[in-house]
**Student:** 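I'd like to ask you about the structure that follows.
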Amino acid sequence: MAKINHTAEQIDAKLNLINENKNFLPYPYTYSSLSTGLEDVGDGSFLTTADIDSQVEVTLATNYLLPEGSYTISIDVTDITDTPVSSVGFSLKINGASKTAYTASTSPILISLVIPKDTKAGLLIKPMIRKSGTEAGWKPFMDNIGNYVDERFNSTNTKLKNVLAFMKLVEIVDVQE
């Protein structure tokens, strides 16, 4: 006879945790075009595909109504292998001002990402707005579990495509497509 390890209530509770959105920065973003050297990975992060010589500001959301409450704003920057690198100079602006914390009211906001000049190629830029007091560490925006899985799959494919392009560039391997 099969043993039941979890009750229906325990399973529902676990599914609700999986389905809980931790990143309140809405994705997909509302920009009309990206600067040369930036690629939208597909999960809310950006990949630098070339060196960026001058500061870039990308509009991520316009007229966004963030639910009322207190939020922490962060940007994780890693290399393609997800090893953290310095995020000095990167920022998220809300209504034109760089912020690390924000208290939302009932007014819609404009959110933009600032990427500093002299940013090197091969970096993943991961902006996030999370409720104050929640654990740090970037999570993609997730409106439901199905989209989360799709976005992570797209993100991994984008990373692999760029690793392959880099390997071809430096002639590490002779890759046949």
Side-chain angles (χ1 to χ4, degrees), residues 21-62 64 66 71-102 109-130 134-143 146-177:
N21 185 20
K22 295 185 181 354
N23 190 344
F24 287 84
L25 183 58
Y27 184 82
Y29 301 126
T30 59
Y31 59 81
S32 57
S33 66
L34 279 177
S35 300
T36 302
L38 279 179
E39 182 175 344
D40 186 331
V41 174
D43 62 358
S45 63
F46 294 96
L47 176 69
T48 57
T49 57
D51 291 350
I52 297 175
D53 297 328
S54 59
Q55 180 175 298
V56 172
E57 188 166 333
V58 179
T59 299
L60 303 181
T62 58
Y64 177 58
L66 190 60
Y71 295 88
T72 299
I73 297 167
S74 62
I75 299 177
D76 290 350
V77 182
T78 67
D79 65 16
I80 197 77
T81 65
D82 281 332
T83 303
V85 298
S86 173
S87 61
V88 172
F90 292 87
S91 67
L92 274 180
K93 287 184 175 182
I94 296 181
N95 295 332
S98 294
K99 303 278 186 180
T100 57
Y102 184 73
I109 58 175
L110 169 73
I111 305 169
S112 58
L113 170 67
V114 176
I115 300 168
K117 69 177 186 166
D118 299 328
T119 297
K120 299 296 179 197
L123 298 180
L124 285 166
I125 304 162
K126 305 170 184 180
M128 182 168 177
I129 298 176
R130 61 184 164 84
T134 59
E135 77 178 80
W138 183 79
K139 307 282 186 290
F141 175 80
M142 176 175 52
D143 56 358
N147 282 356
Y148 174 75
V149 172
D150 290 344
E151 290 162 4
R152 294 306 295 165
F153 178 75
N154 291 339
S155 169
T156 300
N157 283 344
T158 300
K159 289 178 192 175
L160 291 173
K161 179 182 83 174
N162 282 284
V163 167
L164 178 62
F166 176 75
M167 291 169 68
K168 285 181 179 179
L169 181 67
V170 297
E171 297 178 353
I172 292 175
V173 294
D174 181 21
V175 180
Q176 305 269 328
E177 291 190 41

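The first residue of the sequence shown is numbered 1, and numbering continues consecutively from there.
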**Student:** Hey, could you give me the OG/NZ distance between S98 and K93, rounded to the nearest 0.5 Å?
**Tutor:**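 Answer for the OG-NZ pair, S98 versus K93, is 5.5 Å.
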
**Student:** Report yes if the side chains of I111 and I129 come closer than 4.5 Å at any heavy-atom pair, otherwise no.
**Tutor:** yes

**Student:** Could you give the distance from CD1 (I115) to OG (S87), rounded to the nearest 0.5 Å?
**Tutor:** 12.5 Å

**Student:** Hey, does the side chain of D43 reach the backbone of P140 with a donor-acceptor pair shorter than 3.5 angstrom?
**Tutor:**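 Judged by distance alone, no pair lies under 3.5 Å.
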
**Student:** Verify, without hydrogens or angle tests, whether D51 (side chain) and A121 (backbone) share a donor-acceptor contact under 3.5 angstrom.
**Tutor:** yes

**Student:** Counting C-beta onward and ignoring hydrogens, is there a side-chain heavy-atom pair between I125 and T48 closer than 4.5 Å?
**Tutor:**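 SC-SC contact between I125 and T48 confirmed.
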
**Student:** Roughly how far, to the nearest 0.5 Å, is the CH2 atom of W138 from the OG atom of S45?
**Tutor:**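 CH2 of W138 is found 4.5 Å from OG of S45.
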
**Student:** Begin with the C-alpha distance, continue with both residues' side-chain angles, and end with the deciding distance and a verdict on side chain to side chain contact (heavy atoms under 4.5 Å, CB included) for K117 and D53.
**Tutor:** CA-CA 5 Å; K117 69 177 186 166; D53 297 328; over 6 Å; no

**Student:** Give a yes or no answer on whether the side chain of N23 reaches the backbone of M128 with a donor-acceptor pair at less than 3.5 Å.
**Tutor:** no

**Student:** Apply the test side chain to side chain contact (heavy atoms under 4.5 Å, CB included) to residues L124 and V77: give CA-CA distance (whole Å), side-chain angles for both, the deciding distance (0.1 Å), then the verdict.
**Tutor:** CA-CA 6 Å; L124 285 166; V77 182; over 6 Å; no

**Student:** For D79, is there an ion pair with K120 - N to carboxylate O distance below 4.0 angstrom?
**Tutor:** no

**Student:** Report the relative orientation of the aromatic rings in Y27 and Y29; use parallel for angles under 30°, tilted for 30 to 60°, perpendicular for over 60°.
**Tutor:**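 Geometry flag for Y29 against Y27: perpendicular rings.
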
**Student:** Could you go step by step and tell me if Y102 and I109 meet the side chain to side chain contact (heavy atoms under 4.5 Å, CB included) rule?
**Tutor:** CA-CA 11 Å; Y102 184 73; I109 58 175; 3.2 Å; yes

**Student:** With respect to L38, which candidate in I52, L47, T119 satisfies the side-chain contact (heavy atoms from CB on, under 4.5 Å) definition?
**Tutor:** I52

**Student:** With side chain to side chain contact (heavy atoms under 4.5 Å, CB included) as the test, would you mind laying out the steps for L60 and L25 before giving the verdict?
**Tutor:** CA-CA 8 Å; L60 303 181; L25 183 58; 3.8 Å; yes

**Student:** Nearest heavy-atom pair of G44 and P127: which atoms, and what distance?
**Tutor:**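 For G44 and P127, the tightest heavy-atom pair comes out as O-CD, 3.5 Å.
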
**Student:** When rounded to the nearest 0.5 angstrom, what is the spacing between OH in Y64 and CD1 in I94?
**Tutor:**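 It is 10.5 Å, given to the nearest 0.5 Å.
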
**Student:** Which pair of non-hydrogen atoms, one from P116 and one from V88, has the smallest distance, and what is that distance?
**Tutor:** CG-O, 3.9 Å

**Student:** Side chains of E39 and T49 only: does a donor on one sit below 3.5 Å from an acceptor on the other?
**Tutor:** no

**Student:** Any chance you could measure D76, atom CG, to K139, atom NZ, to the nearest 0.5 Å?
**Tutor:** 9.0 Å

**Student:** How many angstroms lie between OG in S74 and NZ in K126, if you round to the nearest 0.5 Å?
**Tutor:** 11.0 Å

